[in-house]
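Throughout, residue positions are numbered sequentially from 1 according to the sequence presented.
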Amino acid sequence: PHGLLLVAAPRHHGSASTLFSFLDVLNSPLVSIATVESHPKHRLPGVSQTYLASGMSSREGLQAALKQDPNIVMLTDIPDSATAGLAVHAASTGHLLLGGIHADGAVPALLRLRSAGIEPFLLATSLRAAIGQRLVRTLCPNCRERYSLKTEEQRELAKRFGISTQAAFKRVHELEKSAAPAIFGDVKQLSSTASAITSLWRASSVGCETCDRTGYAGRTTIVEVLPASDGLQKALLAPDAPTIASLQATAVKEGFVPMALDGLIKALRGQTTIAEVLHAVTPGAY
């Protein structure tokens, strides 16, 4: 019912659309919703939407929205420390605050708020989840092509994605199995085993009528979701300022799936290509 939910992405990578999709789920006659938006993008019936006019800051727009005493507030962009402070304060005093922030991922978004002067205890107690995302092109399901990887290609791919142990290969395989019913579930053959990545997908060089012979049809997100677990809260409250590496390591121990790994799984299932994933994110160790 209250707290802070962050969606972190660079510009033009769909964070506002994700926030609006959340509001579409939450919207009902039983709750009051107010938004503060940089630009008009979507219209939601029953929602009080405020657009930042010339000369109005995000903080001023958020103050105006909060005066309406809404249950839920959505802010498409948290651009500065003043707006961040007001947003976290609102999230800690009974509002559900959905906020977009321009950052490289879920963990960098939290550190950006902390470096903006947000008190660690306020951030740790108000946070519900931080989400990082990127947009990638999706393969046309009618003409995409599967291809097998040679041994050297398998090694190079594993190296690029930091998959260096048997446990890491097994995790990738288990994630692909769990994703199979949801992502192109009609394809039963997996692209990985418990010890190797055996095949990938690519766009057809000639395409088809469905995709206008481009090989691609639409876009999707590769995503990471970082819930406010006990381990994450303790890391944020530590006397020494946490680093991206330390917070990421804490999250991975608790089952966090980084964005690059989510992209790899979607590439294994044929939803996108490895090239699209590597263009959008820099992989790390899992």
message: For H42, is the NE2 atom crowded, meaning more than 12 foreign heavy atoms sit under 6.0 Å from it?
response: yes
- prompt: Could you give the distance from CD (E119) to CG (L237), rounded to the nearest 0.5 Å?
  reply: 11.0 Å
Closest non-hydrogen atom pair, T273 against A203: CG2-N, 4.3 Å
L66 vs L86 side-chain heavy atoms within contact, under 4.5 Å: yes
task: Tell me, yes or no, whether the heavy-atom count around Q166 atom CD, taken from other residues, nucleotides or ligands under 6.0 Å, exceeds 12.
output: yes
- request: Would you check if there is a donor-acceptor pair between the side chains of E254 and S229 at a distance under 3.5 Å?
  value: yes
task: Identify which one of V31, I72, V47 satisfies the side chain to side chain contact (heavy atoms under 4.5 Å, CB included) criterion when paired with L26.
output: I72
- line: Tested for side chain to side chain contact (heavy atoms under 4.5 Å, CB included) against I118, the lone hit among L123, L4, L110 is L123
field: 4.5 Å side-chain heavy-atom contact, S199 and L149
entry: no
- prompt: Is T138 reaching over with its side chain to a backbone N or O of G218, donor-acceptor style, under 3.5 angstrom?
  reply: yes
R43 atom CZ, over 12 foreign heavy atoms within 6.0 Å: yes
query: How long is the gap from OG on S191 to CG on L264, to the nearest 0.5 Å?
result: 9.5 Å
message: Heavy-atom count check: over 12 atoms from other residues, nucleotides or ligands less than 6.0 Å from R146 CZ?
response: yes
message: Could you check whether K266 pairs with D262 (Lys NZ or Arg NE/NH1/NH2 to Asp/Glu carboxylate O, under 4.0 Å)?
response: yes
query: Going by heavy atoms in the side chains, are L190 and R269 under 4.5 Å from each other?
result: yes
- prompt: According to the side chain to side chain donor-acceptor pair (under 3.5 Å) rule, which pairs have a member within residues 12-36, sequence neighbours left out?
  reply: T18-Q133, T35-E37
message: With heavy-atom distances below 4.5 Å as the criterion, would you say the side chains of I163 and V172 are in contact?
response: yes
